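As the structure is a computational prediction, the values presented were derived from the model and not from experiment. By convention in this document, chain letters (A, B, ...) are assigned in the order of the sequence lines, proteins followed by strands, and residues within each chain are numbered from 1.
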Number of protein chains: 2
Amino acid sequence: MAAEAPDAADPTSTTGSSSTADTGRSSRSAAAASAPSRSSSTGPGSGRSPSTTFPAESVRKAGGREPGRRRKANQHAAGVKAVAAAAGVSLGTVSNVLNRPEVVSPVTRAKVEAAMASLGFVRNESARQLRAGSSRILAYLMLDAGNPFFTDVAKGVEDAARAAGLSVFLCNSNEDADREADYLDLLEQQRVQGVLITPIDQNSSRLRKLSARGTPVVVVDRAIDDNEHCSVAVNDILGGELAIAHLLELGHDRIAYVGGPNTIGQVIDRRDGARRALRKAGKPPENLIELTTGALTVAEGRGAGQRLAGLPASRRPTAAFCANDLLALGLLQQCVSLGLRVPEDLAIVGYDDIEFAAAAAVPLTSVRQPRQLLGRTAAELLLDESSNPDHEHQRVTFTPELVVRTSTRGTS
Amino acid sequence: MAAEAPDAADPTSTTGSSSTADTGRSSRSAAAASAPSRSSSTGPGSGRSPSTTFPAESVRKAGGREPGRRRKANQHAAGVKAVAAAAGVSLGTVSNVLNRPEVVSPVTRAKVEAAMASLGFVRNESARQLRAGSSRILAYLMLDAGNPFFTDVAKGVEDAARAAGLSVFLCNSNEDADREADYLDLLEQQRVQGVLITPIDQNSSRLRKLSARGTPVVVVDRAIDDNEHCSVAVNDILGGELAIAHLLELGHDRIAYVGGPNTIGQVIDRRDGARRALRKAGKPPENLIELTTGALTVAEGRGAGQRLAGLPASRRPTAAFCANDLLALGLLQQCVSLGLRVPEDLAIVGYDDIEFAAAAAVPLTSVRQPRQLLGRTAAELLLDESSNPDHEHQRVTFTPELVVRTSTRGTS
DNA sequence: CAGAGTTGCTGAAAGGTTTCAAGAAGATTG
DNA sequence: CAATCTTCTTGAAACCTTTCAGCAACTCTG
């Protein structure tokens, strides 16, 4: 599929200049089929999605008949006061309908509800929260929303929260400390019910401050040893041990550890577990070759694969243990495409056992964690903390489990 | 790794009863290694993660020295008033420091800032928003947070939002209409700056109401033809056409279309595109065998694979086009494990070209969409709508692109 | 040095909701 | 039928910020 315009134009910059009809030349018969509109061809783009270009962006004014009436309605949304007036009751009664419907008589309630419906009343949550003092929202600040592991955790969080009548906002720090800090500020200012977080680094001073000031915090997928908040984790050291023990058992001797950056707790613990396994087996620590990555992503995994495959066979480790499945999948993909056989030339163990691990080019041996359970448990701890007056902070630790597949065993 | 406790206990139910020391028996040497604590073994669990059990959950009270002091601090967070008093200035001045620092003299500002720091002042966003009337938050209500396609879109959204100084809250409807509705209510009540949404069904009456009441709405990955809001989409009909045209070109005649439920716009459009390609090629419509799924997930894909592989070879289609890559990956995995060769026995085309498509057991041919660009563009439209007084609603359409890999071509 | 600008700060009002003590109306009891 | 209870409803205060007109104290200008 050949490209025509190298990159898409910024649509906002073409506002109003777009023609409604199909005045432009159609880029390709098929492309013109369903979107009869000009294809805005711009000069070489600003570096967006460098590897691919998406031709023929089409912009047209949204349909509809009456182009005149717009930009209104909005303005003064009907408030509780207007509803009260319309229903012929007092403010207090409207508030009761909203918050304690059982105390207001059926007939009054009906009147009020009718008024709310006809005025399109939408409760102003800011005002509610300001006065009532409590939020019905809980946030999960994820380390990487692009990693299915964390979205599975998020699912568990949401299940538990919904069961308790709360809603969940997801935030993505994307392994960026600034973003994490920004979100924490934001959430604190929002006075959310509580914050679940998989933090970027071990330093939890910001988190301590948060909970000291009254926002419950639960650390997810990390065991934090202070008494300022709960944490729910999986024993990553053990996980690393399991992975390496498995590889040693298969006869591997020189093993790569692929992971980074080293500020991330999971990366450190899994590496420490790996070292411990080596030590227990009486092997020298140099037998663990560390390949540090800049992030826990597929792309970084590919980079590591490149480095690994570039080594002369004699110096190349015969197995690699990756700090997560994203890295492992990238590594796998790159190594295979560079001609290495997996597991014959290189055995690979991932971590997390995300859904895609089993569907990989070579099904991936991985260390499985109870993803949803992790999230659910964390949310439950948070709920307990904010409702139970004699809540005690806890550290819950789950045990990981090795799932052996073709990428190490090869028998399939 | 054998399990001991069939499932994890609900940690909140054990609150307070957990002992700090390792009084319990350790489940296995390795498991006890790093978490010296009782392993709470419960009876058969409540059906959580049915396929696997996670033994040896350990709960212990969070560490720390002084167990006495807790449950305080919190209470009366210092407000603007306290800061004003501490700094010896008026409320207005504190507010100015917060919102228009340039109008207050350096020395006063320093005083105020010092007071804020020492009191641990955190601005109350509810009050700010109530008075100022505007939120600095924008929300993206995703169809399925577990689908990397949408998290990539979300990344684009967040980039654009951050560039404009806004924050993004992610919400996951998870293909559940009730959840979607709940979140829309919530977001409207929160008076967010705007809502980006990939809706579950075509019926946008709820969305129309939202924007009529003043919350800008941009529909993402769906073209909506009314003049109530902007939309950013990829031409899904064309995408379906590309996929099927490719398969026809390879000589396939009877082709399965795997997707569902049929309330989801993407599912419908891609199918319609498939039909159109067939029609254009002069084939009868029955040559497209529809396998309707309950959701767009890997698990549903596996189910479809089961059904497909169960057909006698004579009646089985020789190719399958899946409404997204998740389905395709599940289908692929199941078919391969049931002994079908891909692409020889069954060629597969996915949709979205998520990162994992290329790393699959058989690298997946897929229809690629400009994921991040989609999100970025949507956010930019939203920003324009809420800042530009003569904003006009637009429909932006991008063109998809077929990426051919082994799952159809087989040459690798 | 009077007048005109500037600069920096103040104080009160406003924003939409919830809460709660207290009142009104109706039902029950002795 | 008077007294006591119940059941509903009311009105004002409070939540924490932001906004804005106005004021005081300076600094220029001619």
| message | Can you confirm whether Val232(B) sits close enough to Leu196(B) that some side-chain heavy atom of one is under 4.5 Å from a side-chain heavy atom of the other? | response | no

| request: Can you tell me the distance, in whole Å, between the CD atom of Glu102(B) and the C1' atom of dT6(C)? | output: 15 Å

| field | N-O pairing of Glu158(B) and Lys155(B) below 4.0 Å | value | no

| query | If only side-chain N and O atoms of Ser105(B) are considered, is one of them under 4.0 Å from the OP1 or OP2 phosphate oxygen of dC9(C)? | reply | yes

| query | Is any side-chain heavy atom of Ile200(A) less than 4.5 Å from a side-chain heavy atom of Leu143(A)? | reply | yes

| message | Just so I know, are the side chains of His229(A) and Val218(A) near enough to count as touching, which here means a heavy-atom distance under 4.5 Å? | response | no

| message | Does Thr93(B) reach a base, just sugar-phosphate, or nothing at all? Heavy atoms under 4.0 Å. | response | base

| query | In the 5'-to-3' direction, what one-character label does each nucleotide of nucleotides 17-24 of chain C receive under the scheme B = base within less than 4.0 Å of a protein heavy atom, S = sugar-phosphate only, - = no such atom? | reply | BBB-----

| Under a 4.0 Å N-O cut-off, is there an ion pair linking Asp185(B) with Arg206(B)? | yes

| remark: In whole angstroms, the gap separating C1' of dT9(D) from NZ of Lys111(A) amounts to 10 Å

| task | Please name the pair of heavy atoms, one in Leu382(A) and one in Pro216(A), separated by the smallest distance, quoted to 0.1 Å. | result | CD1-CB, 3.5 Å

